[in-house]
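So the structure is just underneath, and the comments pick up after that.
So that the names make sense, note that chain A is the first sequence line, chain B the second, and so on, each numbered from 1.
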Number of protein chains: 2
Amino acid sequence: MRPKSIEKEQAIRTIALKIIHEEGLENLSMQKLAKAANISPRTIYIKYADKEDLLIKLFIDEVLGEYERAVLENFDEKMDFAEGIRRVWLNTFRYFKNNRHAFALMQYGNSSPLLNKAFKERNIQEGQFFAPIHKFYKTNISKKIIKNFPVEVCRALLMSPIFNLMNEYFEHLDRPKQIITEKVILESCDVVIKGMTI
Amino acid sequence: MRPKSIEKEQAIRTIALKIIHEEGLENLSMQKLAKAANISPRTIYIKYADKEDLLIKLFIDEVLGEYERAVLENFDEKMDFAEGIRRVWLNTFRYFKNNRHAFALMQYGNSSPLLNKAFKERNIQEGQFFAPIHKFYKTNISKKIIKNFPVEVCRALLMSPIFNLMNEYFEHLDRPKQIITEKVILESCDVVIKGMTI
DNA sequence: CATAAGTAAATAAACGTTTACTTATATTTG
DNA sequence: CAAATATAAGTAAACGTTTATTTACTTATG
């Protein structure tokens, strides 16, 4: 029996993310992807049931999964609150800086109904993505270190600015001077920490 | 000469936003739109040069423009900082609460390269959208009321959480109990204000 | 050599857009 | 002031292309 080619599988994923980043999700087609990856369209269908299946797996495994891995590196729920949030912010910044294509699809998670639905279902089925961070919020709420909000609100207050700054970082790549440096990220992080702590 | 039908033009825009919200930008087609609006595909091309033109005008005029109008209601650059930010947050929350379709396309502004490009060009060409708010940031920086960051960073720190909370608001519509109330919005707003002020 | 991985080419359906024609109305004319 | 006219708005149907997916066949390897 002929074995599956891992390189072809990886090429599909990498090039799909590249096309999504450069041309948008709405301009990714199976035939365009096959041509760019130098394979037959049929080969994609050996690895994925259909286009939806490909997009959902790309989003869940390649983007959310990899980001979760990166964001939790050297993170520990028992960390001091400020230290923990700074760790998570730096991990986010450094990871996406080197994975711009993944960041592009990540952003579609807030817009595309398909990805939104996939994320919600996966969250319910397999327990929460980012569960350690949610637990971290809850611990610090009960220790009365941070204000008492539902986790969804904690996430909005503590995490949404870093994603917005990430966006700014990439837009400044095309402008003469980068204003989003690691220093600015850490100063911004301290702003959200200050706001949240009691 | 037969006059243009304003109702048809408005139907195109309203129904386009509806389809984008319900099925995603990637599933909006000119023929689907025409059928849903009960008009001929040709009629869309009388009002818009092509699909790109339609999407860009939808985004700039119907979404960004209308939001800008709503967000600045009863806002004055000379307001006290906390008062001004609270005004802007409440305006945002109340506007999108009643314009969910517009919010859906707004979110695509962070993902779709087409809309991203359109926004940047429009910002350069016609002066800044949200210029009064940017001026408000700068004034409060020079008055040493808030920390000194570039406007892009101010926007990320002060505005991105309300958009994230807006997203949560809509997701909770499908769940048994709404956790994103106006009270929670105002408490969250106070968190970002506290973080930002010196 | 059995078998799943892979290909090239084809399928029907849907796509954005256009063609050829009809309709409604502001203006001109009688 | 009403009928005629000019003209852009509108329609139904079609255009060629691209879409997602499949068929019929070839290839590589346990």
Whole-Å gap separating C1' (dA12(D)) and CD1 (Ile46(B)): 13 Å

Min side-chain heavy-atom separation Glu73(A)-Tyr95(A) under 4.5 Å: no

Under-3.5 Å donor-acceptor pair between Ser40(B) side chain and dA12(D) base: yes

Side chain proximity check, Arg13(A) to Gln10(A), heavy atoms < 4.5 angstrom: yes

Heavy atoms of other groups near Lys32(B) NZ, more than 12 under 6.0 Å: yes

Out of dT11(D), dT22(D), dG6(C), whichever nucleotide has its closest atom nearest the side chain of Thr43(A): dG6(C)

Length of the CG-P vector between Leu114(B) and dG16(C), whole Å: 13 Å

Spacing of Lys51(B) atom NZ relative to dT18(C) atom P, expressed in whole Å: 15 Å

OP1 or OP2 of dT19(D) under 4.0 Å from side-chain N/O of Ser29(A): yes

Out of dT17(C), dG16(C), dG10(D), whichever nucleotide has its closest atom nearest the side chain of Asp50(B): dT17(C)

For atom CD of Gln31(B) and atom P of dT19(D), their distance in whole Å: 15 Å

Distance in angstrom units between Leu33(B) CG and dA14(C) P, rounded: 17 Å

Separation of dT21(D) P from Glu52(A) CD (nearest whole Å): 9 Å

Protein-nucleotide distance (Tyr45(A), atom OH; dT11(C), atom P), rounded to Å: 17 Å

Sidechain N-carboxylate O distance under 4.0 Å for Glu187(A), Lys183(A): yes

Short side-chain N/O contact to dT11(D) OP1/OP2 from Lys8(B), under 4.0 Å: yes

Closest to side chain of Lys47(A), choosing from dG6(C), dT11(D), dT7(C): dG6(C)

Rounded distance in Å - CE (Met30(B)) to P (dA14(C)): 18 Å

Any Lys32(A) side-chain N or O less than 4.0 Å from OP1/OP2 of dT19(D): no

